[in-house]
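For the numbers below, each heavy atom of this structure counts, side chains included, while hydrogens, waters and symmetry mates do not. Since we're looking at a predicted model, the values are computed, not measured.
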Amino acid sequence: MDSIRKQVTDNLDQLLDILPPRIKSSIELCGGLEQLVEIVMDLGRLPEARYFDSTKYLTDDPITKEDLALCVKQVGEFGGDNRAGIERTLHRISAIRNRKGEIIGLTCRVGRAVYGTIAMIRDLVETGKSILLLGKPGMGKTTALREIARVLADDLNKRVVIIDSSNEIAGDGDIPHPAIGRARRMQVSQPELQHQVMIEAVENHMPEVIVIDEIGTELEALAARTIAERGVQLVGTAHGNQLANLIKNPTLSDLIGGIQSVTLGDEEMRRRGLPQKSILERKAQPTFDIAVEMWERYRWAVHDDVAGTIDMLLRDRDPGRQIRAVSDAGEVTTTEEKPKNPEVMRNPAVKGWRATGKIKPIPLDPQVQMRSELADLSSKISNSTVAEPNESGDEDEEEFGDMSSYVAMRERFGTLNVYLYGVSRHQTEQVVQSINLPIEITKDLDEADIVLALRSQIRTSSKVRQVAEARQIPIHAIKTSTLPQITRALRRILHIDESPADTISDLNMFAYGDSEDEIEALEETRLAVEQIVIPKSQPVELLPRSSIIRRMQHELVEHYQLRSESYGSEPNRRLRIFPN
């Protein structure tokens, strides 16, 4: 992995040649050119050379107007973003102007092509998923974009188009720098028109990948969403150090699905165990599937499920992350940083029902149950009748279109392709894996056999319904994206009989973290339901728990299609489960 550290500095002499002679000679005497980041020249101040870890004054004489004029004359015309470049190099010269429009300062940024810099995330690049890079200035975001474009174009043979608003990715001039390989570059005449060039690239040049630097306006964020919805892989950067910054940025929040305030009803608020009715939720699927937070030059944090991460952050929970770094020996190391468990506020004297010996766990044999369900699956599908909308009386679910078309597809191919709209992909995959359903989640509506949608989303989106109707794809809508409702919907889609007494084989499905307190509380709930509420038709009151754990217990009770409510006041507030 030595190539990760290897830097190829292109034409640094050409950048030094535009500087006043005394400043150029001073830089050469200072040495350390491989660590040089930029040269700063401000009128009336001493010129500075800035390195990765230090700053040096270059002369004892302040910068004059003649010094600045000499540089500007050799650079050429500055664009609307006050940036200029040197043809066929990656160097960037940025101007500071006074009120009259006169240049009174220059920042001469050294541009380098660094080969091997994306070795830490190359596996993510090859997945074809859209990737968002975040990080403060100087962390190498543009350098990484340039290398990603080259790898996708040269190594993976994809059609790559770079939207280069300031000629920073592919260099100045009409001929792009060789560092981008076979990738094509589209220049932007005016920075405010960048979103139009993004759309033009998709409509005119048939790219498989769009690379864009510095998504900074609402129009650019909307253009990025349009590109992603057309099935084009998007690789871009945005302002912000972490994903949490985008949640608070109304201009760019659409990149992560958009944020909306939702007011809950009294019953829903009690079910979730929340202290207030107004909460923040994600509006739609994020534009980017993967996010990379560039903490340091060779230490990045990866979120491979942006939707799940945003949902966790909106619940004020740490989502966890994967840390990828390059060691001193040049080797890439990967460590998983697990979510930090929330502090559990509960009575320390309470140890749970397992410790009291009142209820013993029921021995489970998940393999036997799984084989039994799969063995009966084909006959259940072929023998079942097609349900009309809401025939079960369940107001949480609704069906649109001919629900029989997917049965033949299931029998022919063995699996059912499900397209999710507004429903959590992470939670759906949990359900599919936990009970081993013959279902594949697809991102392409054209490949879908059925659409599983959030009712509020599908009713307001005529576009998705029109496409589904045109392709004769049925839609199954649920009220909320919770594990119990997703489980019930998938079972109903596959015509698998639902039984309130179904045994839960993996309680971790309903746990937010992995603490013993959460699993203990969920097991207490399960045993109470399976040993008392269902067989004896008697209500049960559980032990006092924190609001977060009560929310998990409510969702588990909903899985059994039972009703539960919270009673009492903190810290003794507890769940009461009622029979049907």
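- Between the side chains of D213 and T142, a donor-acceptor pair is found at a separation under 3.5 Å.
- More than 12 heavy atoms of other residues, nucleotides or ligands lie within 6.0 Å of CD in E229, so this atom counts as buried by the packing criterion.
- Remark: Q285 pairs with R282, A307 by the side chain to side chain contact (heavy atoms under 4.5 Å, CB included) rule, at least two apart or across chains.
- Remark: S261 pairs with S278, L280 by the side chain to side chain contact (heavy atoms under 4.5 Å, CB included) rule, at least two apart or across chains.
- With sequence neighbours excluded, the residues that form a salt bridge (charged side-chain N to carboxylate O under 4.0 Å, His left out) with E208 are R159.
- Proximity of a side-chain donor or acceptor of D304 to a complementary backbone N or O of I290 within less than 3.5 Å is not detected.
- Contact of the I163 side chain with the V188 side chain is registered, since non-hydrogen atoms from C-beta on lie closer than 4.5 Å.
- Of the N and O atoms on the side chains of E293 and N241, not one donor lies less than 3.5 Å from an acceptor on the other residue.
- Here K338 does not pair with D318 in a salt bridge; the nearest charged N to carboxylate O distance is not below 4.0 Å.
- Residues forming a salt bridge (charged side-chain N to carboxylate O under 4.0 Å, His left out) with E336 (at least two apart in sequence, or on another chain): none.
- Note: E87 CD to N167 CG = 10.0 Å, rounded to the nearest 0.5 Å.
- Between the side chain of H91 and the main chain of V110, no donor-acceptor pair closer than 3.5 Å is present.
- A salt bridge links R471 with D446: the closest approach of a Lys/Arg side-chain nitrogen to an acidic carboxylate oxygen falls below 4.0 angstrom.
- No side-chain donor-acceptor contact under 3.5 Å links N204 to the backbone of A201.
- A salt bridge is absent between R146 and E168; no separation between the charged side-chain nitrogens and carboxylate oxygens falls under 4.0 Å.
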_Pair D289, K443 - check salt bridge (Lys or Arg N to Asp or Glu O under 4.0 Å), show working._
CA-CA 11 Å; D289 307 295; K443 290 186 176 180; 2.8 Å; yes
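- The side chain to side chain contact (heavy atoms under 4.5 Å, CB included) test applied to E469 returns R465, not counting sequence neighbours.
- Contact between L90 and A170 at its shortest, heavy atoms only, is CD2-C, 3.9 Å.
- Here the closest non-hydrogen pair linking A468 and I475 is CB-CD1, 3.8 Å.
- When every heavy atom of P191 is checked against every heavy atom of D81, the shortest pair comes out as CG-CB, 3.7 Å.
- Contact of the Q485 side chain with the E558 side chain is registered, since non-hydrogen atoms from C-beta on lie closer than 4.5 Å.
- The minimum heavy-atom distance between V211 and A149, with the atom names listed, is CG2-CB, 4.2 Å.
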*Could you walk me through whether V232 and V209 pass the side-chain contact (heavy atoms from CB on, under 4.5 Å) check?*
CA-CA 6 Å; V232 178; V209 184; 5.5 Å; no
*Starting from the C-alpha separation in whole Å, work towards a yes-or-no answer on side-chain contact (heavy atoms from CB on, under 4.5 Å) for M198 and I227.*
CA-CA 8 Å; M198 293 168 64; I227 291 172; 3.9 Å; yes
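- For T226 (side chain) and L222 (main-chain N/O), a donor-acceptor pair under 3.5 Å exists by modelled atom type.
- For R88, there are no salt bridge (charged side-chain N to carboxylate O under 4.0 Å, His left out) partners, not counting sequence neighbours.
- When side chains are defined from C-beta on, I162 does not count as touching L145, because their heavy atoms never get closer than 4.5 Å.
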*Under the side-chain contact (heavy atoms from CB on, under 4.5 Å) rule, what do R315 and L313 come out as? Steps first, then yes or no, please.*
CA-CA 5 Å; R315 295 205 303 256; L313 290 172; over 6 Å; no
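- N417 places a side-chain N or O within donor-acceptor distance of the main-chain N or O of E447, the cut-off being under 3.5 Å.
- Sorted by first and then second residue, the salt bridge (Lys or Arg N to Asp or Glu O under 4.0 Å) pairs with a member in residues 188-204 read E203-R230; sequence neighbours excluded.
- Between atom NE2 of residue H195 and atom CD of residue E220 there is a gap of 8.0 Å, rounded to the nearest 0.5 Å.
- The two residues D154 and G181 come nearest to each other via the heavy atoms OD2-CA, 3.3 Å.
- The CZ atom of R109 lies 5.5 Å from the CZ atom of R92; values are rounded to the nearest 0.5 Å.
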For residues 125-137, which side-chain N or O atoms pair as donor and acceptor with protein atoms under 3.5 Å away, sequence neighbours left out?
{"residue": "E126", "atom": "OE2", "partner": "R122", "partner atom": "NE", "Å": "3.0"}
{"residue": "T127", "atom": "OG1", "partner": "L124", "partner atom": "O", "Å": "2.5"}
{"residue": "T127", "atom": "OG1", "partner": "K129", "partner atom": "N", "Å": "3.3"}
{"residue": "S130", "atom": "OG", "partner": "L234", "partner atom": "N", "Å": "3.1"}

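- Nearest heavy-atom pair, V306 versus A291, reported as atom, atom and distance to 0.1 Å: CG2-N, 3.6 Å.
- Side chain to side chain, S165 and Q194 meet the donor-acceptor criterion of an N or O pair below 3.5 Å.
- L445 CG to Y419 OH: the interatomic distance, rounded to the nearest 0.5 Å, is 5.5 Å.
- With D164 contributing its side chain and I169 its backbone, the two residues share a donor-acceptor pair below 3.5 Å.
- Within the 4.5 Å cutoff, no side-chain heavy atoms of D254 are placed close to those of E218.
- A donor-acceptor pair under 3.5 Å is formed between the side chain of T237 and the backbone N or O of E214.
- Residues in residues 234-251 take part in no salt bridge (Lys or Arg N to Asp or Glu O under 4.0 Å) pair, two or more places apart or across chains.
- Taking N157 as the reference, R182 meet the side chain to side chain contact (heavy atoms under 4.5 Å, CB included) condition, with sequence neighbours excluded.
- The closest side-chain heavy-atom distance from V37 to F52 is below 4.5 Å.
- Between L454 and Y421 there is no side-chain heavy-atom pair separated by less than 4.5 Å.
- Taking the side chain to side chain donor-acceptor pair (under 3.5 Å) definition, one finds that R97 meets it with N82, sequence neighbours left out.
- Looking at I103 and F78, their side chains come closer than 4.5 Å, going by heavy atoms from C-beta outward.
- In this structure, R83 does not pair ionically with D172, as no charged nitrogen and carboxylate oxygen lie closer than 4.0 Å.
- By the salt bridge (charged side-chain N to carboxylate O under 4.0 Å, His left out) test, E48 is found to be paired with R50, residues two or more places apart in sequence or in another chain being considered.
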*What do the steps show when you test D42 against I104 for side-chain contact (heavy atoms from CB on, under 4.5 Å), and what is the final call?*
CA-CA 6 Å; D42 290 331; I104 57 172; over 6 Å; no
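- In this structure, the separation between CD on E38 and CD1 on I93 is 11.5 Å, given to the nearest 0.5 Å.
- Of the inter-residue distances, the one linking L255 atom CG with T251 atom OG1 reads 10.0 Å to the nearest 0.5 angstrom.
- I548 places a side-chain heavy atom less than 4.5 Å from the side chain of M552.
- A side-chain donor-acceptor contact under 3.5 Å links H177 to the backbone of A179.
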